[in-house]
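The model shown is predicted, which means the values in this text are computed figures rather than measured ones.
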Amino acid sequence: MISATAPINVPIFRFAPSPNGYLHLGHAYSALLNFDMARAAGGRFLLRIEDIDAARCRPEFEAAIHEDLAWLGIAWDAPVRRQSEHLDRYRETLAKLTGQGLTYRSFESRAEIAQAIATQGSHSAAWPRDPDGAPLYPGRGVVLSPAEEIRRAEAEEPFAIRLDMAAAIRRAGALSWLENGEGPEGETGTVTAAPQAWGDVILARKETPTSYHLSVVIDDALQGVTHIVRGQDLFWSTSVHRLLQHLLDLPQPRYHHHRLIRDDQARKLAKSNQSTALRLLRAQGRTPQDIRHLVGLPASSGLD
Ligand code: GLU
């Protein structure tokens, strides 16, 4: 069992960005809200760098995260946890799920999965989608023949390690979480987890022994995080996180999903669109108090 290292009863909050672009107003809102809530609760505030995607994460974005947060007036407790430094821990934890018979290797490429769905003809349009809108994985043994699967395994071809969702749910039973914010449809209070909506999620790949879902639950437990404050776009991911927490015997944090900051066309902000990047706004002469105002947070006396 992973045990929390922090003293009991101290609320612990965290901001966990990925260094794959510059922080924008949406990140500023999430980080400031976390920081304000931690201060109001007399708690600790941690920074975690979610950099498992080696192809997209870059040191200059990581340096910019530190710089932009400090500029906003945010201070975090050391040490900063960088996920790329803990791959062995994720590997070991994944082995526990595999030991419970809850994972399997799947060798299909994304294109082969898409192709298999497209051949469903009129059914393909109605193919079930996960809460992010991606078509659900069709299931074990549907896309490749058993012989082809064996051939790829013997040839050591790339694979994904997936959670056997039906088996995992059978083992865990019904789960819920305490939501202090709200979901996309106003869900709040005790929310029933619906991990089946994600199908057999990917937990790791041949070259990367973890995934967002796996490392986030391991790290939140290791860092003793008690309050998870993050955007509504991750609301339904919490179903998978609750399932993994249960299977790995990890503590259950409280959740607060917050509204998303949107652009003029009501679209969610993206790192690829630089117009709301904090460094650009700063270069244009905006102050940290202006940023608070722009995202709808009250002014802070400790800034500027
Ligand atoms: N790393 C995730 C992101 O940048 C956030 C993870 C979380 O807060 O659970 O969207």
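For the atom pair CD1 (Ile161) and OG1 (Thr98), the distance works out to 6.0 Å, reported to the nearest 0.5 Å. Rounded to the nearest 0.5 angstrom, Phe45 CZ and Phe13 CZ are separated by 10.0 Å. A distance of 10.0 Å separates CD1 of Ile150 from CD of Glu148, quoted to the nearest 0.5 Å. One finds the OG atom of Ser237 at 10.0 Å from the OH atom of Tyr255 (value rounded to the nearest 0.5 Å). One distance of note links CZ of Arg39 with CG of Asp36; it measures 6.0 Å at 0.5 Å rounding. How far CG of Asp249 is from CG of Leu244: 13.0 Å, rounded to the nearest 0.5 Å.
Of the charged side-chain nitrogens involved, at least one lies within less than 4.0 Å of a carboxylate oxygen, so that Glu157 and Arg151 count as a salt-bridged pair. Salt-bridge formation is not detected for the pair Arg140/Glu149: no Lys NZ or Arg NE/NH1/NH2 atom is positioned less than 4.0 Å from an Asp or Glu carboxylate oxygen. Between Glu50 and Arg82, none of the side-chain N atoms (NZ, or NE/NH1/NH2) sits under 4.0 Å from a carboxylate O, so this pair counts as no salt bridge.
A donor-acceptor pair under 3.5 Å is absent between the side-chain atoms of Thr208 and the main chain of Arg205, judged by distance alone. The main-chain N or O of Ala299 is never found under 3.5 Å from a side-chain atom of Arg292 such that the two would form a donor-acceptor pair. Judged by distance alone, with hydrogens and angles left aside, the side-chain atoms of Gln196 form no donor-acceptor pair with the main-chain N or O of Ala166 at under 3.5 Å. Under a 3.5 Å cut-off, the side chain of His246 and the backbone N or O of Leu243 do not form any donor-acceptor pair. In this structure, the side chain of Gln115 does not engage the main chain of Ile113 through any donor-acceptor pair within 3.5 Å.
Pairs passing the side-chain hydrogen bond (donor to acceptor under 3.5 Å, both in side chains) check and including a residue from residues 130-139, sequence neighbours excluded, read Glu108-Tyr137.
Residue-environment remark: CZ (Arg279) exceeds the threshold of 12 foreign heavy atoms within 6.0 Å. Remark: Arg286 CZ is loosely packed, at most 12 non-hydrogen atoms of other residues, nucleotides or ligands lying under 6.0 Å away. Within 6.0 Å of atom NZ in Lys206, more than 12 heavy atoms from other residues, nucleotides or ligands are found, so the atom counts as buried in its surroundings. More than 12 heavy atoms of other residues, nucleotides or ligands shown are found within 6.0 angstrom of CD on Glu85.
The shortest heavy-atom contact between Gly42 and Pro11 is O-CD, 4.4 Å. For Ala197 against Leu136, the heavy-atom pair with the smallest separation is O-CD2, 3.5 Å. Across every non-hydrogen atom of Val240 and Val201, the tightest pair is CG1-CG2, 4.3 Å. Nearest heavy-atom pair, Ile117 versus Pro135, reported as atom, atom and distance to 0.1 Å: CD1-CB, 3.7 Å. Smallest separation of non-hydrogen atoms from Asp77 and Leu46: CB-CD2, 3.8 Å. Considering all non-hydrogen atoms of both residues, Phe35 and Gly73 come closest at CE2-O, 3.6 Å.
Here Gln284 pairs with Leu280, Leu281 under the side-chain contact (heavy atoms from CB on, under 4.5 Å) rule; sequence neighbours left out. For His258, the side-chain contact (heavy atoms from CB on, under 4.5 Å) criterion is met by Tyr29, Ser30, Leu33, Val229, His256, not counting sequence neighbours. Residues meeting the side-chain contact (heavy atoms from CB on, under 4.5 Å) test with Val80, sequence neighbours left out: Leu47, Ile49, His66, Trp76. With sequence neighbours excluded, the residues satisfying salt bridge (Lys or Arg N to Asp or Glu O under 4.0 Å) with Arg267 are Asp263. Glu60 meets the salt bridge (Lys or Arg N to Asp or Glu O under 4.0 Å) test with Arg58; sequence neighbours excluded. When the side-chain hydrogen bond (donor to acceptor under 3.5 Å, both in side chains) test is applied to Arg105, no partner is found at least two apart in sequence or on another chain. With sequence neighbours left out, Asp88 forms a side-chain contact (heavy atoms from CB on, under 4.5 Å) with Arg91, Glu92. With sequence neighbours excluded, the residues forming a side-chain hydrogen bond (donor to acceptor under 3.5 Å, both in side chains) with Asn20 are Lys271, listed by chain and number. Remark: Arg56 engages no residue in a side-chain hydrogen bond (donor to acceptor under 3.5 Å, both in side chains) (not counting sequence neighbours).
If you chain together hydrophobic residues whose side chains sit under 4.5 Å apart, Leu234 and Trp236 fall into the same group.
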Quiz prompt | Evaluation steps, side chain to side chain contact (heavy atoms under 4.5 Å, CB included), between Val225 and Ile228 | solution = CA-CA 7 Å; Val225 173; Ile228 295 183; 3.8 Å; yes

Quiz item: Stepwise, does the side chain to side chain contact (heavy atoms under 4.5 Å, CB included) test hold for Ile65 with Tyr22?
Solution: CA-CA 7 Å; Ile65 288 171; Tyr22 291 117; over 6 Å; no

With a cut-off of 3.5 Å and sequence neighbours excluded, list every side-chain donor-acceptor pair involving residues 212-222.
from, atom 1, to, atom 2, distance (Å)
Tyr212, OH, Arg230, NH1, 3.3
His213, ND1, His241, NE2, 3.0
Ser215, OG, Ser211, O, 2.6
Asp219, OD1, Arg81, NE, 2.8
Asp219, OD1, Arg81, NH2, 2.9
Asp219, OD1, Tyr90, OH, 3.1
Asp219, OD2, Arg81, NE, 3.4
Asp219, OD2, Gln83, NE2, 2.9
Asp219, OD2, Tyr90, OH, 2.8
Asp220, OD1, Arg14, NE, 3.0
Asp220, OD1, Arg48, NH1, 2.9
Asp220, OD1, Arg48, NH2, 3.2
Asp220, OD2, Arg14, NH2, 3.0

Ignoring hydrogens and angles, write down the donor-acceptor pairs under 3.5 Å from the side chains of residues 169-179, residues two or more places apart or on other chains.
from, atom 1, to, atom 2, distance (Å)
Arg171, NH1, Gln100, OE1, 3.3
Arg171, NH2, Gln100, O, 3.3
Trp177, NE1, Glu179, OE1, 3.0
Glu179, OE1, His257, ND1, 2.8
Glu179, OE2, Gly181, N, 3.0
Glu179, OE2, Glu182, N, 3.3
Glu179, OE2, His257, N, 2.8

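Inter-residue side-chain proximity for Leu25 and Leu278 is flagged as met; some heavy-atom pair is nearer than 4.5 Å. Using a 4.5 Å heavy-atom cutoff, the side chains of Arg282 and Glu67 are in contact. Considering only heavy atoms from C-beta on, Trp127 comes within 4.5 Å of Pro138 through its side chain. Counting heavy atoms from C-beta on, the side chains of Leu32 and Leu72 come closer than 4.5 Å. Residues Leu248 and Lys96 form a side-chain contact, since some pair of their non-hydrogen atoms from C-beta on lies under 4.5 Å apart. A 4.5 Å side-chain heavy-atom check between Ser18 and Asp53 finds every atom pair outside the cut-off. At a threshold of 4.5 Å between non-hydrogen side-chain atoms, the residues Pro184 and Phe235 count as touching. Side-chain contact between Arg254 and Thr226 is absent, with no heavy-atom pair separated by less than 4.5 Å.
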